[in-house]
There are 2 protein chains.
Amino acid sequence: MSDTYTGVPSVLAQDLPRPVPAVEPGSCPVGAVFDRLGDRWSLLVIVLLGGRAHRYNELHRAIEGISQRMLTRTLRALENDHLVARTVHATVPPGVEYDLTPLGRSLLTPVSALADWAVAHAHELRT
Amino acid sequence: MSDTYTGVPSVLAQDLPRPVPAVEPGSCPVGAVFDRLGDRWSLLVIVLLGGRAHRYNELHRAIEGISQRMLTRTLRALENDHLVARTVHATVPPGVEYDLTPLGRSLLTPVSALADWAVAHAHELRT
DNA sequence: CAGAATCCTTATCGATACTG
DNA sequence: CAGTATCGATAAGGATTCTG
C-alpha cells in the first residue's frame with residue numbers, strides 16, 4: 001500500500017508519477033467529502049464557525065446572498081455529518097447557536113491547506 | 001494578517017478560536033477551488049491523471065459511469081483552469097492525451113491532505 | 001428569533017444519435 | 001478515436017409567505 005489514499009505522499013506529491021487504480025465516484029472518500037462540502041455554502045459556514053460560534057441570524061447576515069432555505073438546509077446537512085453542533089438556549093426569544101464539533105474543527109486543517117493553495121495559485125486559474 | 005487565508009495555521013488548526021471576517025461566496029478563493037472541483041467528476045479526473053497521462057477513451061473506461069458529454073465538459077473546464085493539458089498526436093487514428101500541468105500536479109498535495117482526512121474520518125460522518 | 005412550507009425558475013446531467 | 005448536438009428528466013436554488 002502507499003502512504004496516502006491517492007497514492008501520493010502528502011508532502012511531496014509532485015515527485016512521483018505513480019499509477020492509480022480506476023475509481024468510481026461512490027467509492028472515493030475524497031469524493032464523499034466534496035459531495036458534502038462542494039456546494040456553494042457549506043464550506044463558507046465551516047470557515048465562519050471556525051472563527052467562533054454563530055447564531056442563526058448572525059450567519060444569515062454574515063453570508064451575503066444566502067437564502068433562509070439554503071442556510072437551514074446547509075446547517076442541517078452539516079449537523080447530520082457531525083461537523084456542526086446545534087444548541088438551543090431556552091431564552092425568550094429563543095437563541096440557537098451553531099458551532100463546530102471537534103470533527104468539524106479537525107477538518108479546518110486540510111481545508112486550510114487547500115485554502116493556502118488557492119490563495120497562492122488563484123491568479124494562475126483561467127486567464 | 002494571519003498565517004493562512006482562513007486565519008488558521010495549516011498545521012495546528014484546532015488551537016486557535018480566532019474571528020474570521022464575513023465573506024461572500026464569490027470573494028473566497030477556497031470557494032473558487034470548490035466551485036471548480038466540487039462537481040462529481042473533476043477531482044476523479046485529477047487523481048487519475050495524477051497517476052499518469054490518459055487518452056480520452058482510457059478515461060472514459062476508467063471512470064465508471066461518466067457520460068461522454070460530462071467527460072468532455074470536465075476536461076474542457078480543467079483545461080481552461082490550466083490544471084490539465086491536452087495534446088493531440090497526429091497519428092491515424094488521432095490520439096489525444098490528457099495530463100496534469102505543473103499547476104495541476106501541485107494541487108495534488110493539498111488534495112492529498114484532504115484525502116487523508118477523509119479516509120481517517122469517513123466513519124464519523126453520518127451515522 | 002429561528003425556522004417550515006410552498007412555488008417556481010434555472011442549472012445540471014444522462015441518454016441517445018451523429019461526425020471528422 | 002475523440003468528440004459534437006439535441007433532448008428530456010431531475011435536482012438545486014431563490015423568493016415569498018407563514019408560524020411557534
Side-chain angles (χ1 to χ4, degrees), chain A residues 22-26 28 31-46 48-49 52-81 84-99, chain B residues 22-26 28 31-46 48-49 52-81 84-99:
Chain A
V23 271
E24 323 94 71
C28 178
V33 173
F34 271 74
D35 273 356
R36 285 172 165 81
L37 307 180
D39 61 289
R40 194 130 112 256
W41 309 111
S42 294
L43 199 65
L44 236 35
V45 171
I46 295 274
L48 275 174
L49 295 185
R52 60 170 174 85
H54 280 69
R55 299 265 299 271
Y56 181 87
N57 277 344
E58 274 187 310
L59 287 172
H60 197 198
R61 277 187 299 272
I63 304 174
E64 199 68 26
I66 196 172
S67 63
Q68 282 190 331
R69 174 190 158 89
M70 277 303 104
L71 179 54
T72 301
R73 286 173 63 91
T74 301
L75 289 170
R76 293 285 178 275
L78 294 175
E79 253 191 281
N80 278 333
D81 289 335
V84 163
R86 173 183 186 267
T87 54
V88 183
H89 299 283
T91 58
V92 225
V96 178
E97 263 205 354
Y98 292 92
D99 200 358
Chain B
V23 270
E24 323 95 71
C28 176
V33 173
F34 270 74
D35 273 357
R36 285 172 166 81
L37 307 180
D39 62 288
R40 193 130 112 258
W41 310 111
S42 294
L43 199 64
L44 236 35
V45 171
I46 296 274
L48 275 175
L49 296 184
R52 59 170 175 84
H54 280 69
R55 300 265 297 272
Y56 181 88
N57 276 345
E58 275 187 309
L59 288 172
H60 197 199
R61 277 187 299 272
I63 304 174
E64 198 68 24
I66 196 173
S67 64
Q68 283 192 330
R69 174 191 157 89
M70 276 304 104
L71 180 55
T72 300
R73 285 173 64 91
T74 301
L75 289 169
R76 293 284 178 275
L78 294 174
E79 253 191 281
N80 279 333
D81 290 336
V84 163
R86 173 182 186 268
T87 54
V88 183
H89 300 283
T91 58
V92 222
V96 179
E97 263 206 353
Y98 292 92
D99 200 357

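Reminder, nothing fancy here: chain letters follow the sequence lines and each chain counts from 1.
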* To do: Identify which one of A/Leu71, A/Val84, A/Val45 satisfies the side-chain contact (heavy atoms from CB on, under 4.5 Å) criterion when paired with A/Tyr98.
  => A/Val84
* OP1, OP2 of D/dA2 versus side-chain N and O of B/Arg86: anything below 4.0 Å? -> no
* Structure fact -> Regarding the side chain of A/Met70, the nearest nucleotide among C/dA2, D/dT4, D/dG14 is D/dG14
* Any chance you could measure A/Arg40, atom CZ, to A/Ile63, atom CD1, to the nearest 0.5 Å? => 11.5 Å
* Nearest-Å distance, CZ (B/Arg73) to P (D/dT6)? -> 14 Å
* Structure fact -> To the nearest angstrom, the CD-C1' distance between A/Glu79 and C/dG3 comes to 13 Å
* Taking atom types as they are modelled, is there a donor-acceptor pair under 3.5 Å from the base of D/dA15 to the side chain of A/Gln68? -> no
* Asked: Heavy-atom distance under 4.5 Å between the side chains of A/Thr74 and A/Asp39, does that happen here?
  -> yes
* Kindly point out which of D/dG14, C/dA4, D/dA2 is positioned nearest to the side chain of A/Arg40? => D/dG14
* To do: Round to a whole Å and report the spacing from CG of A/Asp35 to P of D/dA12.
  => 10 Å
* Asked: Over how many whole Å does the gap from A/His54 atom NE2 to C/dA2 atom C1' extend?
  -> 16 Å
* Measure the spacing between CG of B/Leu78 and CD1 of B/Ile46 and express it to the nearest 0.5 Å. => 5.0 Å
* So which one's nearest nucleotide on DNA chain D is more toward 5', B/Arg69 or B/Tyr56? -> B/Tyr56
* Structure fact -> Here the distance between atom P of D/dA2 and atom CG of B/Leu59, to the nearest Å, is 10 Å
* Structure fact -> Here the distance between atom P of C/dT12 and atom CG of B/Asp39, to the nearest Å, is 10 Å
* Structure fact -> Considering only heavy side-chain atoms of A/Thr72, the closest of C/dA4, D/dC1, D/dG14 is C/dA4
* Measure the distance from CZ on A/Arg61 to C1' on C/dC1 and round it to the nearest whole Å. => 10 Å
* Closest to the B/Val96 side chain, choosing from C/dG3, C/dG14, D/dA2 -> D/dA2
* **Gap separating the CZ atom of A/Arg52 from the CD atom of A/Glu97, nearest 0.5 angstrom** => 9.0 Å
* Looking only at side-chain N and O atoms, does B/Trp41 come under 4.0 Å of OP1 or OP2 in C/dG14? -> yes
* To do: For A/Ile63 and C/dA2, give me the distance from atom CD1 to atom P, rounded to whole Å.
  => 14 Å
